[in-house]
Chemist: 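Below you will find the structure I want to go over with you.
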Amino acid sequence: MKVYAVGGCVRDALLGRPVVDRDWVVVGATPQQMLDAGYTPVGRDFPVFLHPQTHQEYALARTERKTAPGYHGFAFHAAPDITLEDDLARRDLTINAMAKDADGTIIDPHGGRRDLAARILRHVSPAFAEDPVRILRLARFAARFADFSVAPETLALMRQMVAAGEVDALVPERVWQELARGLMEDAPARMLTVLRDCGALERLLPELDRLWGVPQRADYHPEVDTGMHMLLVIDMSARLRAALPARWAALLHDLGKGTTPAEVLPKHHLHEMRSVDLAQRVCDRLKVPTDCRDVALLAAREHGNIHCSLEFDAAALLRLLERCDALRRPSLLDHVLDACEADYRGRTGLEDRSYPQRDRLRAALAAARGVDAGAVVARLGGETSGERIAQAVHAARISAILASGV
């Protein structure tokens with residue numbers, strides 16, 4: 001039995017990047033030998049084991065054969081006679097198809113080091129086309145390695161896969177998983193650009209793809225094109241180190257602009273409510289987690305009001321906070337404000353502008369949440385209706401916001 005480090009840990013070490021996870025492949029062993037050595041089996045589709053001390057994953061060298069459309073349609077074969085080269089040949093990209101043995105020797109049968117040096121994302125073999133998840137993975141790697149380009153032959157293969165309907169076979173949960181991981185990279189706009197270049201964005205997120213070519217008012221948006229604005233916004237959310245709910249909200253906040261009637265362009269009146277409806281459809285279709293969905297819907301509905309909130313009086317500020325459910329769930333507002341700041345600063349030439357709306361709304365929220373509802377009720381005296389109590393607490397919160405001087 002021989003053990004090799006494989007995949008991302010080899011790639012990242014060669015790039016001088018931190019190695020977070022280590023994956024291992026075992027050549028010349030049977031499942032029983034792994035069990036006898038104390039490894040714990042975890043793989044359902046093929047033999048993967050956890051090391052008894054480190055709990056890192058060790059997979060038996062394997063090959064795979066396409067048996068049906070989509071990414072579930074594979075038959076895997078693991079046996080002691082499967083070589084390391086056989087295992088590496090089934091991997092997606094050349095930069096992920098390298099291994100390192102115990103003495104540090106790099107095994108690189110597909111030119112991974114060459115492509116690392118040239119900053120190229122290239123598929124290992126035509127078998128890439130058998131798994132549509134690889135389109136999403138490559139796009140995600142493009143977001144992580146922003147200075148890498150996609151090899152022309154790989155992009156052509158991805159387009160063929162989209163045309164053949166392979167992307168349509170992806171299940172929502174896997175699409176969301178890959179999109180979410182890509183959004184958390186340093187240059188998430190690159191993921192979307194790659195997906196659009198190969199035609200996959202139109203199949204997976206047609207509501208988003210529709211934004212390209214839609215004009216906006218140049219006095220508000222120097223970049224004019226709505227799709228370009230969205231790319232600037234999502235990269236700004238990364239620059240702000242926003243959490244996933246905020247980045248997802250930044251991605252979906254302007255979907256309604258893609259359905260603005262042509263006769264009123266470049267104005268986009270009432271696009272917010274159209275954005276809410278479309279964002280809800282996307283979240284339902286991809287089975288997006290509740291926290292990400294809630295922030296996306298709030299940002300779609302309220303981003304225009306939040307941008308204008310410097311002009312609001314105390315009563316209007318409180319109404320906005322209540323619509324955002326910020327008094328009960330203040331973290332929601334933090335995520336929405338991240339998405340709104342990304343939207344505000346995601347415009348050509350305006351990337352370094354300040355966003356004072358954030359500080360004003362957070363100060364107003366602190367003042368409103370500082371009101372002691374029990375003390376308000378006590379001042380009312382005697383029995384009173386729930387409506388009367390709610391009105392009194394609401395008035396006290398307005399007074400607190402006024403007193404705070406925001």
Chemist: Are Arg90 and Asp87 close enough for a salt bridge, meaning some N to O gap below 4.0 Å?
Modeler: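 Yes.
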Chemist: Under 3.5 Å, side chain of His303 to main-chain N/O of Ala299, donor-acceptor pair present?
Modeler: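 Present.
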Chemist: Should we count CE of Met34 as having more than 12 external heavy atoms under 6.0 Å?
Modeler: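 Result for CE/Met34: enclosed.
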Chemist: Is the side chain of Arg379 donor-acceptor paired with the backbone N or O of Ala392 at a distance under 3.5 Å, no angle test?
Modeler: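 It does not hold such a pair.
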Chemist: Is it true that Glu173 and Lys287 make a salt bridge, defined as a side-chain N closer than 4.0 Å to a carboxylate O?
Modeler: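 Judged by the 4.0 Å cut-off on N to carboxylate O distance, Glu173 and Lys287 do form a salt bridge.
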Chemist: Any salt bridge between Asp325 and Arg328, counting N to O under 4.0 Å?
Modeler: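 Looking at Arg328 together with Asp325, the answer is yes, because their closest N to O distance falls below 4.0 Å.
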Chemist: Hey, does the side chain of Arg274 reach the backbone of Gly256 with a donor-acceptor pair shorter than 3.5 angstrom?
Modeler: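 At least one qualifying donor-acceptor pair exists.
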Chemist: Roughly how far apart are Arg119 CZ and Leu15 CG, rounded to 0.5 Å?
Modeler: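 Between atom CZ of Arg119 and atom CG of Leu15 there are 5.5 Å.
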Chemist: Is a side-chain N or O of Gln33 found less than 3.5 angstrom from the main chain of Thr30, in a donor-acceptor match?
Modeler: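 Yes, the answer is positive, given that a donor and an acceptor are paired below the 3.5 Å cut-off.
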Chemist: Could you report the tightest heavy-atom contact between Leu365 and Ala326, atom names first, then the distance?
Modeler: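 Closest approach of Leu365 to Ala326: CD1-O, 3.7 Å.
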Chemist: Determine the minimum heavy-atom distance between Ser275 and Lys257, stating which atoms define it.
Modeler: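 Minimum heavy-atom contact is OG-N, 4.5 Å.
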Chemist: Side chain to side chain contact (heavy atoms under 4.5 Å, CB included) for Arg293 and Gln280? Distances and angles first, verdict last.
Modeler: CA-CA 7 Å; Arg293 180 203 64 202; Gln280 181 73 66; 3.9 Å; yes
Chemist: Testing the basics here: between Pro52 and Ala37, what is the closest heavy-atom pair and its distance to 0.1 Å?
Modeler: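 Closest approach of Pro52 to Ala37: CG-O, 4.1 Å.
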Chemist: Atom SG of Cys198 and atom CG of Leu157: how far apart are they, to the nearest 0.5 Å?
Modeler: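 Spacing of SG (Cys198) from CG (Leu157) equals 10.5 Å.
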Chemist: Under 6.0 Å from the CD atom of Glu223, do we count more than 12 heavy atoms belonging to anything else shown?
Modeler: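 Count over threshold, so yes.
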Chemist: Measure from the side-chain N and O atoms of Asp235 to the backbone N and O of Ala189, and report whether any donor-acceptor pair falls under 3.5 Å.
Modeler: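 The answer is yes, because a donor-acceptor pair under 3.5 Å joins these two groups.
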Chemist: Donor-acceptor pair, distance only, cut-off 3.5 Å: does the side chain of Ser354 make one with the backbone of Pro356?
Modeler: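 The answer is no, because no donor-acceptor pair under 3.5 Å joins these two groups.
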Chemist: Using a 3.5 Å distance criterion without hydrogens, assess whether the side chain of Arg345 forms a donor-acceptor pair with backbone atoms of Glu351.
Modeler: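 Side chain of Arg345 to backbone of Glu351, a donor-acceptor pair under 3.5 Å: yes, one is there.
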Chemist: Taking all non-hydrogen atoms of both residues into account, name the closest pair between Met161 and Pro132 and its distance.
Modeler: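 Distance-wise, the nearest heavy atoms are CE-CA, 3.8 Å.
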Chemist: Going by heavy atoms in the side chains, are Arg181 and Leu244 under 4.5 Å from each other?
Modeler: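 SC-SC contact between Arg181 and Leu244 ruled out.
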Chemist: Output, in order, the C-alpha distance, side-chain angles, deciding distance and verdict of side chain to side chain contact (heavy atoms under 4.5 Å, CB included) for Arg114 and Arg122.
Modeler: CA-CA 11 Å; Arg114 173 202 63 209; Arg122 190 193 313 276; 3.7 Å; yes
Chemist: Does atom CZ of Arg203 have more than 12 heavy-atom neighbours, drawn from other residues, nucleotides or ligands, at distances under 6.0 Å?
Modeler: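 No.
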Chemist: Looking at Asp284 and Arg281, is there a salt bridge between them, counting it only when a charged N and a carboxylate O are closer than 4.0 Å?
Modeler: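 The answer is no: the pair does not qualify as a salt bridge.
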Chemist: Strictly under 6.0 Å, is that where the ring centroids of His271 and His253 end up?
Modeler: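 Not under 6.0 Å, so no.
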Chemist: Please tell me whether His307 and Asp343 have a donor and an acceptor in their side chains that are separated by less than 3.5 angstrom.
Modeler: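 A pair is found: one side chain offers a donor N or O, the other an acceptor, under 3.5 Å apart.
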Chemist: State whether the side chain of His110 and the backbone N or O of Gly112 hold a donor-acceptor pair below 3.5 Å, judged by distance alone.
Modeler: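 The answer is no, because no donor-acceptor pair under 3.5 Å joins these two groups.
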Chemist: Starting at OG1 of Thr40, measure out to CZ of Phe49 and round the result to the nearest 0.5 Å.
Modeler: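 Here the rounded value is 9.5 Å.
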Chemist: Is Glu387 atom CD crowded by more than 12 heavy atoms from other residues, nucleotides or ligands, each under 6.0 Å away?
Modeler: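 Count not over threshold, so no.
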Chemist: Charged N to carboxylate O under 4.0 angstrom, Arg353 versus Glu341?
Modeler: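 No salt bridge links Arg353 with Glu341.
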Chemist: Mind checking the CG-OG1 spacing from Leu116 to Thr94? Nearest 0.5 Å is all I need.
Modeler: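 Atom-to-atom, Leu116:CG and Thr94:OG1 are 7.0 Å apart.
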Chemist: Salt bridge between Asp186 and Arg144, side-chain N to carboxylate O under 4.0 Å?
Modeler: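 Not counted as a salt bridge, because no side-chain N and carboxylate O are separated by less than 4.0 Å.
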Chemist: Nearest heavy-atom pair of Val162 and Gly199: which atoms, and what distance?
Modeler: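 Between these two residues, the closest heavy atoms are CG1-O, 3.7 Å.
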Chemist: Is any side-chain heavy atom of Leu138 closer than 4.5 Å to a side-chain heavy atom of Phe148?
Modeler: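 Side chain of Leu138 against side chain of Phe148, heavy atoms only: no contact under 4.5 Å found.
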Chemist: Hey, are Glu57 and Trp24 close enough side-chain-wise for a donor-acceptor pair under 3.5 Å?
Modeler: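 No.
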Chemist: For the CG atom of Asp225 and the CG atom of Leu232, what is their distance to the nearest 0.5 Å?
Modeler: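 Reported to 0.5 Å precision, the distance equals 10.0 Å.
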Chemist: When rounded to the nearest 0.5 angstrom, what distance separates CH2 in Trp176 from SG in Cys292?
Modeler: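 One gets 4.0 Å once the value is rounded to the nearest 0.5 Å.
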Chemist: Does some side-chain heavy atom of Met228 sit less than 4.5 Å from a side-chain heavy atom of Trp212?
Modeler: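 Contact flag for Trp212/Met228 side chains = yes.
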Chemist: Judged by atom type as modelled, is there a donor-acceptor pair below 3.5 Å linking the side chain of Arg301 to the main-chain atoms of Arg323?
Modeler: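 Checked: pair present.
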Chemist: Step by step, would you call Phe141 with Leu93 a side chain to side chain contact (heavy atoms under 4.5 Å, CB included)?
Modeler: CA-CA 10 Å; Phe141 282 124; Leu93 302 176; 3.8 Å; yes
Chemist: I'd like to know if Asp334 and Arg362 make a salt bridge, using a cut-off of under 4.0 Å between side-chain N and carboxylate O.
Modeler: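 Counted as a salt bridge, because a side-chain N and a carboxylate O are separated by less than 4.0 Å.
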Chemist: Inspect the contact between Asp147 and Arg190 and indicate whether a charged nitrogen and a carboxylate oxygen are less than 4.0 angstrom apart.
Modeler: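 A salt bridge is absent here (no side-chain N lies under 4.0 Å from a carboxylate O).
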Chemist: Does atom CZ (Arg196) have a neighbourhood of more than 12 heavy atoms from anything else shown, all under 6.0 Å?
Modeler: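 Counting other residues, nucleotides and ligands, CZ of Arg196 exceeds 12 neighbours.
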Chemist: Is the ring centre of Tyr58 less than 6.0 Å from the ring centre of Tyr39?
Modeler: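 Tyr58 vs Tyr39: aromatic centres under 6.0 Å.
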Chemist: Do Thr154 and Leu121 have side chains that approach each other closer than 4.5 Å (heavy atoms only, starting at C-beta)?
Modeler: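 In short, these two side chains do not touch, never coming nearer than 4.5 Å.
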Chemist: Examine distances only and state if a side-chain atom of Thr105 and a backbone atom of Asp101 form a donor-acceptor pair shorter than 3.5 Å.
Modeler: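 Side chain of Thr105 to backbone of Asp101, a donor-acceptor pair under 3.5 Å: no, none is there.
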Chemist: State, yes or no, whether a side-chain contact exists between Arg247 and Asp338 at a heavy-atom distance under 4.5 Å.
Modeler: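 Not touching, per the 4.5 Å side-chain cut-off.
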Chemist: Side-chain contact test, heavy atoms from C-beta onward, threshold under 4.5 Å: evaluate it for Ile107 versus Lys100 and give yes or no.
Modeler: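 With C-beta onward as the side chain, the pair stays apart.
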Chemist: If you apply the rule side chain to side chain contact (heavy atoms under 4.5 Å, CB included), what do you find for Asp21 with Cys9, and how did you get there?
Modeler: CA-CA 6 Å; Asp21 297 314; Cys9 62; over 6 Å; no
Chemist: Tell me whether Arg347 forms a cation-pi arrangement with Tyr344, defined as NZ or CZ under 6.0 Å from the six-membered ring centre and within 45 degrees of its axis.
Modeler: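 Yes, a cation-pi geometry.
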Chemist: Which heavy atom of Val371 sits nearest a heavy atom of Ala400, and at what distance?
Modeler: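 Nearest pair, atom of Val371 first, then Ala400: CG2-CB, 3.7 Å.
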Chemist: Are the side chains of Arg397 and Val393 in touch, meaning some heavy atoms are under 4.5 Å apart?
Modeler: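 Yes, close enough: below the 4.5 Å cut-off.
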Chemist: Can you tell if the side chain of Val288 reaches within under 4.5 Å of the side chain of Val282, non-hydrogen atoms only?
Modeler: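 Contact flag for Val288/Val282 side chains = no.
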Chemist: Just by distance, with hydrogens left out, do Glu302 and Asn305 show a side-chain donor and acceptor under 3.5 Å apart?
Modeler: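 There is such a pair between these side chains.
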Chemist: Using a strict cut-off of less than 4.0 Å between a Lys/Arg side-chain nitrogen and an Asp/Glu carboxylate oxygen, indicate whether Arg174 and Glu178 qualify as a salt bridge.
Modeler: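 Here Arg174 pairs with Glu178 in a salt bridge, since their nearest N and O are under 4.0 Å apart.
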